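For reference, the structure is listed below as structure tokens.
Keep in mind that what you see is a predicted model, and the values were worked out from it rather than measured. These values consider heavy atoms only, across backbone and side chains, with no hydrogens, waters or symmetry-generated copies.
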Amino acid sequence: MTVVEAPVRRRWMTAYGLAMVGVAAGWFGPIQILLPEQAARLAGEEGKEALLAFVTAWGAAVSMVANPLWGALSDRIGSRRRPVFLAGAAVGMAGLLVLAGADTRTTMVLGWCLVQAGLNGPLAALAAMIGDRVPERQRGAVGSIFGVAQIVGVVLGTALAVVVGQGAPGYVAVAIAVPALGAALLILHRDGPVAATVRERTDWAVLLRPGGQFAWAWLIRFLLNLSNALVLVYLFYYLSDSVGVADPALWVLILTVVNVLFAGLAGGFGGVLSDRWARRRAFVAVAAVVMAAGTTLMALVPVTAVVVVAAALVGLGWGAYIAVDMAVITHVLPDAGTRATMLGVANIAGTLPQLLAPVLAAPIVTGLGGYPALYLLTGGAALLALAALPRLHALR
């Protein structure tokens, strides 16, 4: 178990948040606008969905492998995080520049896979820094910065793509943002022996066995990420076919803004409160119940005003979870020497739902109950996380 006593300062926390914003912008600027536009340009209107799905599926598969590998590398070189951040950011920037010049499907896939392989490096380093440098009493606040910064990164990446322009200019702007926003943290952060650490030999069989503390925390993260992914995967078509709005694209934007606003507020305040109260499980429980309430409204009352309320509830629930997510995961890691590796394994619980959501949703929407069944299933996934929570005996 690692006990870090010295608190981190606000300037370090600010630099940490900016670095995470940069990494998230590198991911979500392409996903939100640049990749869809590029897919339409290369494949035409009839083939754009298939190409985009193909590219993003390959990227998600690479991401699942890359994050644990970057974490293992970081642990192998003595818990040094800055070299991993730098190397991964360089690979990610190279991928963005490949995408900027991509004029074939093959180069588009190659570029996005490089982005996913590379940006998982700084992501793994940033996650491990929480356990390395942040004392338990601050992990809620810093962990919420980790989550909220990702939301801000979505907005920044999308804004860059809109303001600078689609195609090559957008990719270049995002590629510049990644190192620019990470520079302050690279200057302030110093790698070295983790303070006040009691080393324990990691018993992998115990750590990963079904029913272990890490396994239950992994399952909770997976289920809540799956619930969030299922909400989003066919939101455009839900609004068009079930709710019946005239401009589903506009309403996707409106609901995204509502969701992000409430998630950011809940995440920011929740992290501070969870530290003050020294409680984590209560926030996970609130997250599961509130997300389930929001998706149940989407299933049973497909009316525009109600769906706006549902988007706010899902955002509140998701924000309550990201407020304590990193604090929960880092609490169940027993050994500082394998922290980044295990956080990489934990991050699969966030990536895997992105792959599974379309696979699960498609047959439900097309023949197994439609959107009501889909969103009731989504709420059920959130409540399963609530059922798993009592198994985390070590968590308050």
Side-chain angles (χ1 to χ4, degrees), residues 1 64 67-68 127 130-131 136 139-140 143-144 146-147 202-232 263 266-267 270-271 273-274 277-296 299 313-334 339 342-357 359-361 364 373-396:
M1 181 64 69
M64 285 180 60
N67 199 286
I130 293 179
E136 180 70 29
R139 286 187 186 176
S144 69
F146 183 88
T202 298
D203 187 335
W204 293 91
V206 172
L207 188 60
L208 294 174
R209 73 168 187 259
Q213 292 292 283
F214 178 82
W216 285 114
W218 191 98
L219 178 61
I220 289 169
R221 174 182 270 196
F222 170 79
L223 289 168
L224 290 178
N225 273 277
L226 179 62
S227 181
N228 195 53
L230 287 171
V231 168
L232 299 174
L273 290 176
S274 74
W277 298 337
R279 293 286 187 273
R280 314 298 188 197
R281 291 205 298 183
F283 287 86
V284 178
V286 168
V289 172
V290 174
M291 288 181 72
T295 59
T296 300
L313 287 173
V314 172
L316 279 172
W318 183 243
Y321 178 64
I322 64 174
V324 296
D325 174 40
M326 289 303 298
V328 170
I329 289 293
T330 56
H331 187 81
V332 298
L333 299 180
R339 177 179 292 125
M342 294 310 301
L343 284 171
V345 174
N347 283 336
I348 293 174
T351 305
L352 184 58
Q354 308 304 317
L355 285 173
L356 291 179
V359 176
L360 293 173
I364 295 172
L374 174 64
Y375 289 121
L376 288 175
L377 173 67
T378 302
L383 293 178
L384 281 176
L386 179 64
L389 189 57
R391 301 290 186 174
L392 286 179
H393 308 300
L395 196 67
R396 299 180 66 187

Legend entry - Qualifying residues under side-chain hydrogen bond (donor to acceptor under 3.5 Å, both in side chains), relative to Thr378, sequence neighbours excluded: none
Legend entry - side-chain hydrogen bond (donor to acceptor under 3.5 Å, both in side chains) involving Tyr375 - partner list, sequence neighbours excluded: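 So Tyr375 forms no side-chain hydrogen bond (donor to acceptor under 3.5 Å, both in side chains) with any residue.
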Listed partners of [X] passing side-chain contact (heavy atoms from CB on, under 4.5 Å), at least two apart:
X: Ala217; answer: Val328, Ile329, Val332, Leu392
X: Ala287; answer: Ala320, Tyr321
X: Ala373; answer: Ile364

When you compare the side chain of [Y] with that of [X], does any pair of heavy atoms fall below 4.5 Å?
X: Thr296; Y: Leu376; result: yes
X: Leu230; Y: Thr295; result: no
X: Asp325; Y: Phe146; result: no

Legend entry - Nearest-0.5 Å distance, CG of residue Leu386 to CZ of residue Arg281: 11.0 Å
Legend entry - Separation between CD1 of Ile322 and CG of Leu224, rounded to the nearest 0.5 Å: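 The CG atom of Leu224 is 11.5 Å from CD1 of Ile322, to the nearest 0.5 Å.
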Inset, instruction - Begin from the C-alpha positions of Asn225 and Trp318 and carry the test side chain to side chain contact (heavy atoms under 4.5 Å, CB included) through to its verdict. - result: CA-CA 9 Å; Asn225 273 277; Trp318 183 243; 3.3 Å; yes
Legend entry - Pairs satisfying salt bridge (charged side-chain N to carboxylate O under 4.0 Å, His left out), at least one member in residues 284-296, at least two apart: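 Salt bridge (charged side-chain N to carboxylate O under 4.0 Å, His left out) check on residues 284-296 returns no pairs.
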Inset, instruction - Say whether, by atom type as modelled, one donor and one acceptor occur between the side chain of Trp218 and the main chain of Val345 under 3.5 angstrom. - result: yes
Inset, instruction - Any chance you could lay out the side chain to side chain contact (heavy atoms under 4.5 Å, CB included) test for Leu389 and Ile220, step after step, and finish with the verdict? - result: CA-CA 7 Å; Leu389 189 57; Ile220 289 169; 4.0 Å; yes
